[in-house]
**Student:** 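Please see the structure below; I have some questions.
Proteins come first, then strands; the chains are lettered A, B, ... in the order of their sequence lines, and each starts at number 1.
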Amino acid sequence: MTVHIYNTLTRKKDPFTSIETGKVKMYVCGMTVYSDAHIGHARTYVAFDVIRRYFEYKGYTVFYVQNITDVDDKIIAAAHKQGVDPLVYSQRFTDRCLTDLDTLGVQRADLYPKASEAIPEMIQMIEQIIQNGYGYVADGDVYFSVESFSDYGKLSGQNIAEMKKGARIEPGEQKRNPLDFALWKKAKPGEPVWSSPWGPGRPGWHIECSAMSCSILGPTFDIHGGGMDLQFPHHENEVAQAEAATGQQFARCWMHIGLLTINGEKMSKSIGNIINIKDLLQSWDAEVLRMFFAQAHYRSPPDFSEKALADVEKGRERLYRVKERLQEHAKAISPQNPSLAMLQETEKKYLTTIKEFQEEFEAAMDDDFNTPKAFASLFEFVNKSNRFFEQHPTPNPELCRHALGVYLKIGLVLTVFQPQTHTPLKKESEVTSVLQELLRSYGTIIDSPTMDALLQALLEARQDARKKKDYKTADDIRKKLESLGFEIQDTAHGSVWRKK
RNA sequence: GGGCGGGUAACAAAGUGGCUAUGUGGCGGACUGCAGAUCCGCCUACGAGGGUUCAAAUCCCUCCCCGCCCUCCA
C-alpha cells in the first residue's frame, strides 16, 4: 500500500509518490536557538521522527534536513542582554538544543544547515526574486511584493484582500503593501551584518528556509513540514519566495504538526508555562515522553499533563512485559520443535495474529500516519500474545523469535523499545549497595555481589520466609525491593523480579 | 471580521454508512498466603434538533459550544 498524507496545499489526503523512486526528501523547520529546547519542540520533532522512521520501515531512503535559525531578532536581543556576540550565543544554544533532543531519543536529521552559513544562497535567491519582478529595494531593505505573486495565500487559504484589513506597517518600514515582508534587512548597530548588493544587512526570517531547502534538496522536493503555527505567514512566504525565484513548484506536500497545549492551555511565555525537555527528563523517562507524543495523531494538538504521562507509563509497562515474555520464550531451546513448519494449532493461530498485527499497523500508518490506530494494533497484539501464552505456556521458540522480531521492529517505528538515552535516576552501583545492606540484615552475605546475584539471594530469603509462613518478612522484602524500583511477582515457577 | 480544526463512554483518543477500536481508571470473577502480573465479564459513547436510508457516531440541513492561526513562535 502507498502512504497517504494529508497535504495542507490540497487540503486532502494525497497518495504519496516521491520524486525520486525509493527516496524521500524532506525539510522540516527547525529551532530558533536562543534558549533550551522545550516540550513543544519535542512534540514536533518526535512527530517527524516517527514519520521518518515509518518511511524507512517502508524501505525508503530518507534525506531529512532540519534548519537551525541562528540569525534572528530574539537571538540578538538575548545575546545583547548577556553581552555576548549573537553568533557565539546561538552556537552555544544550537548544541544545547540538539543535545536536548538527543537525550529525548529523537533521531538526528541528516543535515542541520544554519542560516548564518547560507547567506550567499539567500542573497542569490533574493536577487533572482527581484530580477523576476517579485521583490523591490527600499533604502537598504528588500521586500517581497505579495500582490505581484498571484498564488500568494494558496497554502494557508488566505486571500490578500481580507488579510490587508488588519495589517499594519511598522514605523520605519517602507513597504508598498502592508503584507509585504522583508527579504533583507538593512544593518542596525549591534546586529550581525553581511554585505550584500543592497548594502550591509541581514536576511529576513523566511528567506533562509526557501534558500536552504532549494539549494540542498533542489527547487522541488517531496515534503516540507513544521509546526501548525508556521503555516502562516512563514510557510506561505517560503512558497512565495521559492516559486518566485525558481519558477518551479516548491515542496509537493506540506505537513503541519498540531501544537501542544499544557493542561488545556496554550504553551507560551506570557502564561509562563513553558516546560523544557531537560527539566521534564529529571522526573520522567524519555521513552514515556516520546510515547506520549507518538501516540497523539500528528495533526491533533495533544494536551500535556502529568496524568497523561502517568497513563502512558502504565501502558508502556504492558508493552515491556510482553517483550520480556517473548524474549524468554525465544531463548528456549527446543530440539523437538525447532521450525515453524511443526506448529500446533494454537501456534498456527498465533502466527496469523502476528501477520494481522503487521498488516493492521501498516494500514494505520499508511493512512496519514495514524499513530493512535497503530498503537491500538500494538496493544491488541499485546492482548492476543498474553492470551496465547495463557493457552500455550511453552510456545515454539522459533515462533517467538519471529513474533519478537516483528514486535520490536514495529515498536521502534513508534519510538518504543529504543535503548535508554540518558542515565537512569538511580545508578546501579547505588542500588547494589542498598541491596547488599538489605541482604545483610537478613543474615546473608554473598561473595560476588552483582545486582542480579543480590536480587536472587533476596528472593531466596523471601522464599524461605514464605515456606515458613512468615509472611511479614516476605512482604517486607517485597516492599523494600519495590521501593527500589523492582517489581516482584510470585508465579507458578517461583518468584521473579523485573525493573519497573 | 477572514482562514482552519474540533465536540466520542469516568479520563485520554481513533474510527467516519452495518462488524468488541485502543490506552488509563473503576467494579466483579479466576489464579494467589497476600500482592502483582495475566485471563474472563462488566462500567448509561458518539454536542442538540430535524432529515436521507432497510441501516447514521459516520451522509444532508439547522443550531449550540470549544480551540488554534491571521504579530515572534515547533
Side-chain angles (χ1 to χ4, degrees), chain A residues 8 11 28-32 34 37-48 66 69 72-74 77 97 153 155-168 170 179 205 225-234 236 256-261 264-269 274 291-292 295-297 299-303 305 307-319 321-322 324-325 360 364 367 370-380 382-383 385-387 389-391 466-467 469-472 474-475 478-479 482 487-492 495-496 498 500:
Chain A
T8 309
R11 305 209 178 279
V28 172
C29 284
M31 296 176 275
T32 300
Y34 69 102
H38 54 66
I39 58 175
H41 293 123
R43 193 277 181 276
T44 295
Y45 302 120
V46 168
F48 280 113
Q66 192 184 115
T69 300
D72 164 272
D73 294 349
K74 277 178 309 222
C97 288
L155 179 67
S156 54
Q158 312 278 336
N159 77 76
I160 295 175
E162 280 303 333
M163 283 188 291
K164 229 172 161 176
K165 288 176 186 166
R168 285 268 148 75
E170 296 291 322
L179 295 173
W205 173 40
M228 206 75 102
D229 54 337
L230 297 179
Q231 190 178 322
F232 188 88
H234 184 57
E236 190 68 62
H256 289 101
I257 310 297
L259 295 193
L260 179 80
T261 57
E265 278 185 315
K266 176 185 162 164
M267 184 174 82
S268 77
K269 243 187 191 152
I274 291 179
M291 244 182 92
F292 167 69
Q295 250 178 332
H297 183 87
R299 284 192 281 123
S300 308
D303 186 39
S305 65
K307 183 196 183 282
L309 290 188
D311 285 358
V312 167
E313 190 168 39
K314 297 217 181 86
R316 183 183 68 142
E317 280 296 302
R318 305 189 48 227
L319 258 32
R321 283 198 186 97
V322 163
E324 286 157 20
R325 285 179 91 169
E360 276 164 31
D367 182 15
N370 192 332
T371 53
K373 213 172 175 181
F375 268 98
S377 69
L378 192 68
F379 278 106
E380 215 158 301
V382 164
N383 291 334
S385 296
N386 280 327
R387 234 168 281 166
F389 298 142
E390 206 77 11
Q391 296 171 331
R466 288 179 72 203
K467 271 187 196 139
K469 300 215 192 266
D470 176 7
Y471 296 122
K472 165 96 177 51
D475 291 353
R478 184 170 63 197
K479 223 187 251 166
E482 270 170 0
E487 179 182 282
I488 307 306
Q489 286 181 30
D490 299 329
T491 70
S495 297
V496 293
R498 64 186 290 279
K500 269 213 262 199

**Student:** Please report the distance, rounded to the nearest Å, between CG in D229(A) and P in C68(B).
**Tutor:** 12 Å
**Student:** Which part of the nucleic acid, if any, lies within contact of I257(A), taking any heavy atom under 4.0 Å across all strands shown: a base, the sugar-phosphate backbone alone, or nothing?
**Tutor:** nothing
**Student:** By the 4.0 Å heavy-atom rule, please label D475(A) as base, sugar-phosphate, or nothing.
**Tutor:** base
**Student:** At less than 3.5 Å, do the side-chain atoms of R321(A) and the base atoms of A37(B) form a donor-acceptor pair?
**Tutor:** no
**Student:** Rounded to whole angstroms, how far apart are CD on Q391(A) and C1' on U38(B)?
**Tutor:** 13 Å
**Student:** Quick one: N159(A) CG to G3(B) P, roughly how many Å, whole number?
**Tutor:** 8 Å
**Student:** For A35(B), what is the paired nucleotide under Watson-Crick or G-U wobble rules, both distances under 3.5 Å?
**Tutor:** none
**Student:** Compare side-chain N and O positions of R299(A) against OP1 and OP2 of G6(B) and report whether any pair is under 4.0 Å apart.
**Tutor:** no
**Student:** Sticking with atom C1', work out how far C54(B) lies from C68(B), rounded to a whole angstrom.
**Tutor:** 42 Å
**Student:** When you compare C40(B) with A13(B), how far apart are their P atoms, in angstrom units rounded to a whole number?
**Tutor:** 27 Å
**Student:** For nucleotides U58(B) and G15(B), find the distance between their C1' atoms and express it as a whole number of Å.
**Tutor:** 9 Å
**Student:** When the distance from CD of E482(A) to P of G36(B) is rounded to whole Å, what number comes out?
**Tutor:** 9 Å
**Student:** Give a yes or no on whether the backbone of A374(A) and the side-chain of S377(A) come within a donor-acceptor separation of less than 3.5 Å.
**Tutor:** yes
**Student:** Taking only the side-chain heavy atoms of Q158(A) (C-beta and beyond), determine which of A74(B), A21(B), G2(B) contains the nearest atom.
**Tutor:** G2(B)
**Student:** Given the C1' atoms of G25(B) and U32(B), what is the spacing between them in whole Å?
**Tutor:** 23 Å
**Student:** Going by purine N1 to pyrimidine N3 plus the second Watson-Crick contact, or the G-U wobble pair, all under 3.5 Å, which nucleotide sits opposite C46(B)?
**Tutor:** none
**Student:** Is the distance from OP1 or OP2 of G23(B) to the nearest side-chain N or O of R318(A) less than 4.0 Å?
**Tutor:** yes
**Student:** C59(B) pairs with which nucleotide, Watson-Crick or G-U wobble, both distances below 3.5 Å?
**Tutor:** G51(B)
**Student:** Do the non-hydrogen side-chain atoms of Q231(A) and Q158(A) ever get within less than 4.5 Å of each other?
**Tutor:** no
**Student:** Please name the pair of heavy atoms, one in M267(A) and one in G40(A), separated by the smallest distance, quoted to 0.1 Å.
**Tutor:** CE-N, 3.6 Å
**Student:** Please state the P separation for the pair G6(B) and U38(B) - nearest whole angstrom.
**Tutor:** 35 Å
**Student:** Find the distance H38(A):NE2 to C72(B):C1' and express it as a whole number of Å.
**Tutor:** 12 Å
**Student:** Are the side chains of F292(A) and V46(A) in touch, meaning some heavy atoms are under 4.5 Å apart?
**Tutor:** no
**Student:** Would you classify G264(A) as touching base, sugar-phosphate or nothing, given that sugar-phosphate means primed atoms plus P, OP1 and OP2, and contacts are heavy atoms under 4.0 Å?
**Tutor:** nothing
**Student:** Between C34(B) and K469(A), is there an OP1 or OP2 to side-chain N/O distance shorter than 4.0 Å?
**Tutor:** no
**Student:** Output the single nucleotide from G33(B), A74(B), C72(B) whose closest atom is nearest the side chain of D490(A).
**Tutor:** G33(B)
**Student:** So what does L260(A) hit on the nucleic acid, given a heavy-atom distance under 4.0 Å: a base, only sugar-phosphate, or nothing?
**Tutor:** base
**Student:** Does the T371(A) side chain pair with the main chain of A296(A), one donor and one acceptor, at a distance under 3.5 Å?
**Tutor:** yes
**Student:** With a 3.5 Å limit on both atom pairs, tell me what A12(B) is paired to, counting Watson-Crick and G-U wobble, or say none.
**Tutor:** U22(B)
**Student:** Could you tell me whether S268(A) contacts a base, only the sugar-phosphate backbone, or nothing, with contacts defined as non-hydrogen atoms closer than 4.0 Å?
**Tutor:** nothing
**Student:** Just N and O in the side chain of K314(A): are any of them under 4.0 Å from OP1 or OP2 of G23(B)?
**Tutor:** no
**Student:** Out of A74(B), G36(B), C68(B), which has the shortest distance to the side chain of K266(A)?
**Tutor:** C68(B)
**Student:** Under 4.0 Å, counting only non-hydrogen atoms across every strand here, what does F389(A) touch: a base, just sugar-phosphate, or nothing?
**Tutor:** nothing
**Student:** Which part of the nucleic acid, if any, lies within contact of Y471(A), taking any heavy atom under 4.0 Å across all strands shown: a base, the sugar-phosphate backbone alone, or nothing?
**Tutor:** base
**Student:** Relative to the 5' end of RNA chain B, which residue comes earlier, Q489(A) or R11(A), by the nucleotide with the nearest heavy atom?
**Tutor:** R11(A)
**Student:** For side chain to side chain contact (heavy atoms under 4.5 Å, CB included), just list the numbers for N383(A) and R318(A), CA-CA rounded to whole Å, side-chain angles, deciding distance to a tenth of an Å, and then say yes or no.
**Tutor:** CA-CA 9 Å; N383(A) 291 334; R318(A) 305 189 48 227; 2.7 Å; yes
**Student:** P atom, U44(B) versus A35(B): distance in rounded Å?
**Tutor:** 27 Å
**Student:** Using the side-chain contact (heavy atoms from CB on, under 4.5 Å) rule, pick out the option among M228(A), H297(A), R299(A), R43(A) that qualifies with I257(A).
**Tutor:** R43(A)
**Student:** Using a 4.0 Å heavy-atom cut-off to protein, can you give one letter per nucleotide of nucleotides 7-19 of chain B, 5' to 3': B if the base is in contact, S if only the sugar-phosphate is, - if neither?
**Tutor:** ------SSS----
**Student:** Could you tell me how far C66(B) sits from U71(B) if I compare only their P atoms? Round to whole Å.
**Tutor:** 24 Å
**Student:** When both hydrogen-bonding distances must be under 3.5 Å and the geometry is Watson-Crick or G-U wobble, what is C4(B) paired with, if anything?
**Tutor:** G67(B)
**Student:** Using only heavy-atom distances, decide whether a donor-acceptor pair under 3.5 angstrom links the side-chain of R466(A) to the base of G33(B).
**Tutor:** yes
**Student:** With rounding to whole Å, what would you report as the distance between U53(B) and A21(B) at their P atoms?
**Tutor:** 27 Å
**Student:** Quick one: F379(A) CZ to U22(B) P, roughly how many Å, whole number?
**Tutor:** 11 Å
**Student:** Take R478(A) and S495(A) through the side chain to side chain contact (heavy atoms under 4.5 Å, CB included) test and state the conclusion after the steps.
**Tutor:** CA-CA 10 Å; R478(A) 184 170 63 197; S495(A) 297; over 6 Å; no
**Student:** Just checking M228(A): base, sugar-phosphate only, or nothing, at a heavy-atom cut-off of under 4.0 Å?
**Tutor:** nothing
**Student:** Please say which of L230(A), T69(A), D229(A) ends up in a side-chain contact (heavy atoms from CB on, under 4.5 Å) with C29(A).
**Tutor:** L230(A)
**Student:** Is it true that a side-chain atom of E236(A) and a backbone atom of G153(A) form a donor plus acceptor pair closer than 3.5 Å?
**Tutor:** yes
**Student:** Identify whether any heavy atom of Q231(A) sits under 4.0 Å from a base atom; if not, whether one sits that close to sugar-phosphate; answer base, sugar-phosphate or nothing.
**Tutor:** nothing
**Student:** Using a 4.0 Å heavy-atom cut-off across all strands, classify G315(A) as base, sugar-phosphate, or nothing.
**Tutor:** sugar-phosphate
**Student:** Nearest heavy atom decides the nucleotide; on that basis, is M267(A) or A376(A) closer to the 5' end of RNA chain B?
**Tutor:** A376(A)
**Student:** Could you please name the option among A74(B), C39(B), C72(B) that lies closest to any side-chain atom of N386(A)?
**Tutor:** C39(B)
**Student:** Under 4.0 Å between any heavy atoms, over every strand shown, what does N383(A) touch: base, sugar-phosphate, or nothing? Just pick one.
**Tutor:** sugar-phosphate
**Student:** Output the rounded distance in Å from CD (E317(A)) to P (A37(B)).
**Tutor:** 9 Å
**Student:** For C27(B), what is the paired nucleotide under Watson-Crick or G-U wobble rules, both distances under 3.5 Å?
**Tutor:** G41(B)
**Student:** Decide yes or no for Q66(A) and Y45(A): does some side-chain heavy atom of the first lie under 4.5 Å from some side-chain heavy atom of the second?
**Tutor:** yes
**Student:** Decide yes or no, distance alone: a donor-acceptor N/O pair under 3.5 angstrom between the base of C34(B) and the side-chain of R478(A).
**Tutor:** yes
**Student:** Classify the side-chain pair R325(A)/N386(A) by whether it contains a donor and acceptor separated by less than 3.5 Å.
**Tutor:** yes
**Student:** Nearest whole angstrom, please: distance from the P of A37(B) to the CZ of R387(A).
**Tutor:** 17 Å
